[in-house]
Amino acid sequence: MNISIRISGKAIQYLGAICVNISSIVYGINVGWASPVILLLLSDESPLAVGQITKADAALFSSMLYIGGMVGTLIFGWLADRIGRKWSLFLGTLLQIPAHLLIAFSTGLTHLYVSRILSGLAAGASFVVTPIYVSEIAEDSIRGSLGSYFAFSVCIGILLGFIIGGCINFVISPYVVLAFICVFVVTFPLFPETPQFLLLGGKIKEAEKSLRFFRGVFSDPIDTIPENVRQDLEKLQSSPRSSKKSTSISTEDFKPKSTRKALLISFVLIAGRNCCGIFPLLNYTSTIFEEAGTDLSPNTSAIVVGVIQLIGLYVSLMLMDRAGRRILLIVSSVGTGICLFVLGVHFYLQTLSVDLSAFGWIPLISCSGAVFIAALGIMNVPFFIVAEIVPAKIRSSVATIFLFASLLHSFLFVQYLVAFIDAFGMYTCMWTFAVWCFFELIFVLTSVPETKGKNAEEIVRVLEGKSAQSSQEEDSTENPTVR
């Protein structure tokens, strides 16, 4: 008796998104782990042979991740269009193995610097390739939910990093991370290359096979193509977002109004992940709470913030394909700006020597609120909006350039945040971040369209300023039978 196990296409897509985002979890661990470890390295209990490090050393240690990330976006963004989304991400993630072995056997700062650079290279691969891979395997109806897995996975990693760095021995902690990497190395090769990349290379049969896999159709390839696979394949072939008549990118690719608008939107939203202040502050969460004098210990406060951020992203995941991308960005911009403004007021009153002993809960509530609300939109939505609105031919190149700029911003913010705070005060830093949040609110209201549930062709029409009604009228003109 033959026993067959059937699994739906959507289930396979969910599994693929979970698997590919293991690399994102590892990146998040790298970010969160630095926060409690910096406090440890700055203390008399530093595990390094050189002993206690300086604030300048700590800033460089934290920012080295983004130096590697900048290089990684260039290398793996280029590879993504040459060897494919799948193997470029796989090769990049392998770099995490020597990175964490260096931590386990480190005796000085040089080992840690090299480790952070290697982890940054891997992060560049994850940042560029993961959102594209997920977007290209997902059906329109669940693309938003799957796309939000990237930021969700990063936040899981950040929380794990807070816990691992604060609760596990410095030398043992890298082996925990290596366990995640082993799971990725074993499972990810089981999934095929994306259909869109294969079509861009003219490999129609391979694209059909990949599409069959991600739609849960495992019949013999020589059989008649199932209707749902045929429709999706024809849609991809006819879509302007999957068109690639030549292998090289030219200025003609950037002339359409929809493309130029997509580039502007992508740049502002990606830049906003740093300029809103949440991501830079996550690198110094424990340090900030130590300065604020909260009732909880700095490391415990950081873990609380990590949990709240994760909850925020879970809510975002539930709302992404229900409420839509635009409303999440609007709510996120307003709420984050208000929380950061209140946090700035608290630090300003501290400089005036106002007794705030009865209000030690304000920094934790304000910071947690900012992290939670930012997770709803500003920190989550940008990555897969880029994957949705940028044409397939230039998608990897654009993602590479913008993410390079984003990682450069991250490096500058993390490297010089402490110096900025020392010069202008923590309150000025918080208020500056709040101003950006309100600017982004205006930008979203005036420039960012809703892409929920829209396929590639519909997104082009929206970016060109054509309404759904006008699009239907055009279709009716071309096909008089449509009424």
query = Does the side-chain contact (heavy atoms from CB on, under 4.5 Å) test come out yes or no for Val26 and His100, once each step is laid out?
reply = CA-CA 11 Å; Val26 175; His100 287 84; 4.2 Å; yes
inquiry  = Please determine whether side-chain contact (heavy atoms from CB on, under 4.5 Å) holds for the pair Phe184 and Ile25, giving the CA-CA distance in whole Å, both sets of side-chain angles, and the decisive distance to 0.1 Å.
reply    = CA-CA 10 Å; Phe184 175 85; Ile25 292 176; over 6 Å; no
inquiry  = Does Ile373 form a side-chain contact (heavy atoms from CB on, under 4.5 Å) with Ile378? I'd like the steps, not just the answer.
reply    = CA-CA 8 Å; Ile373 300 172; Ile378 295 177; over 6 Å; no
query = Going through the checks in order, is the side-chain contact (heavy atoms from CB on, under 4.5 Å) test met by Ser447 and Leu264?
reply = CA-CA 9 Å; Ser447 303; Leu264 174 63; 5.5 Å; no
task = Kindly determine whether Arg85 and Glu193 satisfy salt bridge (charged side-chain N to carboxylate O under 4.0 Å, His left out), including the steps that lead there.
result = CA-CA 7 Å; Arg85 289 40 163 146; Glu193 183 56 80; 5.0 Å; no
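A distance-only check finds a donor-acceptor pair linking the side chain of Ser63 to the backbone of Leu60 [under 3.5 Å]. Between the Lys86 side chain and the Thr194 main chain, no donor and acceptor come within less than 3.5 Å of each other. Ser266 places a side-chain N or O within donor-acceptor distance of the main-chain N or O of Ala262, the cut-off being under 3.5 Å. Of the possible polar contacts, none joining the Thr130 side chain to the Phe127 backbone as a donor-acceptor pair under 3.5 Å is found. Between the Ser106 side chain and the Ile103 main chain, a donor and an acceptor come within less than 3.5 Å of each other. Although no hydrogens or angles enter the test, the distance criterion places no donor-acceptor pair under 3.5 Å between the side chain of Arg82 and the main chain of Ser88. Panel note: side chain Thr73, backbone Met70; a donor-acceptor pair is recorded below 3.5 Å. At distances below 3.5 Å, at least one donor-acceptor pair connects side-chain atoms of Ser43 with backbone N or O atoms of Leu40. Side chain of Arg273 to backbone of Met379: a donor-acceptor contact under 3.5 angstrom is found. Listed for the Gln13 side chain is a donor-acceptor partner under 3.5 Å among the backbone atoms of Glu139.
The cationic group of Arg260 does not satisfy the cation-pi geometry with Phe254, failing either the under 6.0 Å distance to the six-membered ring centre or the 45° limit from the ring axis.
Looking at heavy atoms from C-beta onward, Val448 lies out of side-chain contact with Val268 at the 4.5 angstrom threshold. Counting only heavy atoms from C-beta outward, the side chains of Val37 and Phe61 approach each other to under 4.5 Å. Contact of the Val177 side chain with the Trp33 side chain is not registered, since no non-hydrogen atoms from C-beta on lie closer than 4.5 Å. In this structure, the side chains of Leu408 and Tyr66 stay at 4.5 Å or more apart for every pair of heavy atoms. In this structure, the side chains of Asn274 and Leu412 stay at 4.5 Å or more apart for every pair of heavy atoms. When side chains are defined from C-beta on, Tyr113 counts as touching Asp57, because their heavy atoms get closer than 4.5 Å. Looking only at side-chain heavy atoms (C-beta outward), Thr93 and Val185 stay at 4.5 Å or farther from each other. The closest side-chain heavy-atom distance from Ile83 to Leu91 is below 4.5 Å.
Between Trp436 and Phe433, the distance from one ring center to the other does not fall under 6.0 angstrom. A ring-centre distance under 6.0 Å is not found for Phe420 and Tyr416.
Within 6.0 Å of atom CD in Glu45, 12 or fewer heavy atoms from other residues, nucleotides or ligands are found, so the atom counts as exposed in its surroundings. Counting non-hydrogen atoms of other residues, nucleotides and ligands closer than 6.0 Å to CZ of Phe267 gives a total of 12 or fewer. Residue-environment remark: CZ (Phe424) stays at or below the threshold of 12 foreign heavy atoms within 6.0 Å. Counting heavy atoms of neighbouring residues, nucleotides and ligands inside a 6.0 Å radius, atom CZ of Phe341 does not exceed 12 of them.
Using cut-offs of 30° and 60° for the angle between ring planes, the Phe191 and Phe214 rings count as parallel.
With rounding to the nearest 0.5 Å, the separation of OG in Ser62 from CG in Leu41 is 11.0 Å. The CD1 atom of Ile18 lies 12.0 Å from the OG atom of Ser24; values are rounded to the nearest 0.5 Å. Considering CD1 of Ile278 and OG of Ser332, their distance stands at 8.5 Å, rounded to 0.5 Å. Atoms CD1 and CG, from Ile53 and Leu42 in turn, are 5.0 Å apart once rounded to the nearest 0.5 Å. A distance of 12.5 Å separates OG1 of Thr259 from NZ of Lys261, quoted to the nearest 0.5 Å. We find the CG-CD distance between Leu445 and Glu440 to be 11.0 Å, quoted to the nearest 0.5 Å.
The residue from Tyr348, Phe438, Phe347 that alone fulfils the ring-ring contact (aromatic ring centres under 6.0 Å, His included) condition with Trp431 is Tyr348.
A search for side chain to side chain donor-acceptor pair (under 3.5 Å) contacts involving Ser119 returns Gln96, not counting sequence neighbours.
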Can you give each donor-acceptor pair under 3.5 Å made by side-chain atoms of residues 149-172, sequence neighbours left out, with the distance rounded to 0.1 Å?
unit_1 : atom_1 : unit_2 : atom_2 : d
Ser153 : OG     : Tyr149 : O      : 2.7
Asn169 : OD1    : Val171 : N      : 2.9

